[in-house]
Every structure is written in C-alpha cells, then in structure tokens.
S.K.: 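One structure is given below, represented as structure tokens, and several questions about it will come after.
Hydrogens, waters and symmetry mates are skipped; everything else that's a heavy atom, side chains included, is used.
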Amino acid sequence: MNVTTKRPLALGLLAVALVAAAGCSDKTAPADKADKAADAGKAADANAIPGLKDEKARVSYMIGLDMGQTLKQVKDEIDLATLEKGLKTAIEGGKPLMDEAQAQQVREAFAQKLQAKRIAEQMQAATKNAKEGQEFLAKNAKAAGVQTTASGLQYQVLKAGTGPKPKADDAVTVHYTGTLLDGTKFDSSYDHGGPATLPLAQVVPGWREGIQLMPVGSKYRLWIPASQGYGEQGTPGGPIPPNATLVFDVELIGIGAPNGAGAPVGR
C-alpha cells in the first residue's frame, strides 16, 4: 500500500465529508439541530475516560501506552525526558542534535549492547537451570517408582496400559501436559481441544524415548533432562528457558492417526 498517495486521498475525503455535513446542518431546522447536538453530547459522554478530557487526549494516551509497551524491555536504558525531546524534535520538524550518520552509529552500538546483555543473561540462566536440574534429577532418581534410563530420562508409571508399544518411526496419539520444574505449564493438549497426533521422528529425544516405553492405554510421567530436551538454547523467545529440565504427564491413546494427523507437538 502506498501511504503517500492514500493519506491525501483520505484527507480529501474527510474534507468533503465535513463540507457536506456543514451544508446539511445549514438546512436543518433549529429543533433538529438541538436534538443532534444532544445526541453528540451523549456520544461524547459514552467515550469519556476520567483523566482524559477529550479525543485528542485519549488518542495521545493510547499512543503513549503503545510506545511504552514497546520500550518497556529497555526501560533501564532510556531517559524519558531526553526521549520526549527527541519526539518533539521529530514531530515539530526541529533541528536534531545528531545527524543520520551519528544516529545510525548510536543505533548499531545500542543493538550490540542489548545482544551482549541477552547472551549474558541466557548464559547465567543456563548455568542456574543446569545446576537445579541436576540436583533435582539426582534426588528424584531415589523416589519410589521412578526409573532412570541410560540417557538420563526418568519416568514413573501412573497408569499401566496393556496395548502395544510404539516404534521410533510411528505416529502416536496422546494427551499431555508439559511443565517446568517449578510447575509452570508451557503446553498442554487439553488446552488445544483434544488429543495430539505426532510422528515420533519429529519430537525431542526425551519424548521419543519415553513414549516408546509406554504400552497403549498407559499414562506416564516423564522427567526430561535438558540434554534430551531443548538443550542450552531452550526455545528463544518462547516458554522454555535454556537448560531446562521438563516434566510431562503423557497418556498414550493410540498408535497412528486414524482420524488424520494433527499438529506435531513437543518438537
């Protein structure tokens, strides 16, 4: 869409509408004018927000909220008074304190700073999560009914099934809930309206190994170490932190997808 051509067109249409409205109002009887003025007053009252006196104030505040949400993640890196100065300069067409080359230099340096900060935070979180996961798994391995495989996967039989076990190249239909060690839920088939069907070849190693241990009709709890899950990266921008140990309650409903394949999960 070409904004530069659409904006004058929109303003032109608005001007025509205002002129037409003005022309119509001149032909309106005084009583009708009074009724319309009252209706307009009611409409204005319906949009009124305490602390925001008119439409201009409401629009300004809305834009400020949007900008604030965007800048919230870097709130410690900005000075609001200077930010306001930059906004006024741009909006009013004043002379900037920096030229475009200087602005680009500042922009690139700031981006590098933020990237370095994110990497440092990720490394710190990865170290912390790895230690917590190792300590938890060492303790959990001694709990009644918990089995540990050679890969480090731990599982517990919550309900024993009697059906066949899936193979590595099968698709399976399951109900599942996934949480972090602190109980934070990051995914669940129950929230998606029904069981999920997924090919085991496309899931993380801990899932693939754990589900192959399960007969159809059973329900297991799986503790998946980071090395068998999402590793040091976690899911960048997603719900799983780096080096997170994952907990899944999984019910194996069937092997294959008799009603059609669903969206793969646990990938």
S.K.: Just distance, no hydrogens or angles: give the donor-acceptor pairs under 3.5 Å from side chains in residues 61-77, sequence neighbours left out.
M.R.:
unit_1	atom_1	unit_2	atom_2	d
T70	OG1	D66	O	3.1
E77	OE1	K113	NZ	2.9

S.K.: Can you list everything that forms a side chain to side chain contact (heavy atoms under 4.5 Å, CB included) with E232? Sequence neighbours excluded, please.
M.R.: N243
S.K.: Among residues two or more places apart or on two chains, list those pairs meeting side-chain hydrogen bond (donor to acceptor under 3.5 Å, both in side chains) that have a residue in residues 119-130.
M.R.: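 Sorted pair list: K128-E132.
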S.K.: Please set out all donor-acceptor pairs under 3.5 angstrom arising from side-chain atoms of residues 100-111, sequence neighbours excluded.
M.R.:
unit_1	atom_1	unit_2	atom_2	d
Q102	OE1	D99	N	2.9
Q104	OE1	R107	NH1	2.4
Q104	NE2	E108	OE2	2.9

S.K.: Under the salt bridge (Lys or Arg N to Asp or Glu O under 4.0 Å) rule, collect the residues that match up with K167, sequence neighbours excluded.
M.R.: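 If we apply the salt bridge (Lys or Arg N to Asp or Glu O under 4.0 Å) test to K167, skipping adjacent residues, the hits are D170.
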S.K.: Can you pull the side-chain hydrogen bond (donor to acceptor under 3.5 Å, both in side chains) pairs that have at least one residue in residues 81-95, sequence neighbours excluded?
M.R.: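 Only D79-T82 qualify under side-chain hydrogen bond (donor to acceptor under 3.5 Å, both in side chains).
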S.K.: Show which side-chain atoms of residues 245-252 pair as donor or acceptor with protein atoms under 3.5 Å away, not counting sequence neighbours.
M.R.:
unit_1	atom_1	unit_2	atom_2	d
D249	OD1	R221	NE	2.6
D249	OD2	R221	NH2	3.1

S.K.: For the hydrophobic clusters of this structure (ILVMFWY residues joined by side-chain heavy atoms under 4.5 Å, transitively), does one cluster hold both V59 and L52?
M.R.: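 The answer is no; the residues belong to distinct hydrophobic clusters.
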S.K.: Output the rest of the hydrophobic cluster of I253: all Ile, Leu, Val, Met, Phe, Trp and Tyr residues reachable through side-chain heavy-atom contacts under 4.5 Å, sorted by chain and number.
M.R.: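 Besides I253, the hydrophobic cluster comprises nothing; the residue is isolated.
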S.K.: Taking only residues at least two apart or on different chains, which pairs with a member in residues 156-165 satisfy salt bridge (Lys or Arg N to Asp or Glu O under 4.0 Å)?
M.R.: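 Pairs touching residues 156-165 that pass the test: none.
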S.K.: Spell out, as yes or no, whether a donor-acceptor pair under 3.5 Å connects the side chain of T197 to the backbone of G256.
M.R.: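 Such a contact is absent between T197 side chain and G256 backbone.
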S.K.: Rounded to the nearest 0.5 Å, what separates atom CG in L158 from atom CE in M214?
M.R.: 8.5 Å
S.K.: Applying salt bridge (Lys or Arg N to Asp or Glu O under 4.0 Å), can you list everything that pairs with K131, at least two apart in sequence or on another chain?
M.R.: none
S.K.: Return the CG to CH2 distance between L181 and W223, rounded to the nearest 0.5 Å.
M.R.: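 Going from CG on L181 over to CH2 on W223, the span is 10.5 Å.
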S.K.: Write out all pairs satisfying salt bridge (Lys or Arg N to Asp or Glu O under 4.0 Å) with one or both partners inside residues 233-248, taking only residues at least two apart or from two chains.
M.R.: none
S.K.: Please list every donor-acceptor pair under 3.5 Å in which a side-chain atom of residues 147-155 meets a protein atom from a residue at least two apart or in another chain.
M.R.:
unit_1	atom_1	unit_2	atom_2	d
T149	OG1	S151	N	3.4
T149	OG1	S151	OG	3.1
T149	OG1	L153	N	3.4
T149	OG1	L153	O	3.4
T149	OG1	E209	OE2	2.8
S151	OG	L153	N	3.3
S151	OG	E209	OE1	2.6
Q154	OE1	N140	ND2	2.7
Q154	NE2	L137	O	2.8

S.K.: State yes or no: do V203 and V174 share one hydrophobic cluster built from I, L, V, M, F, W and Y residues joined by side-chain heavy-atom distances below 4.5 Å, directly or via other members?
M.R.: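 Same hydrophobic cluster.
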S.K.: Count I, L, V, M, F, W, Y as connected when their side-chain heavy atoms are under 4.5 Å apart, and connections chain through other members. Are L222 and F136 then in the same cluster?
M.R.: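 Cluster IDs for L222 and F136 differ.
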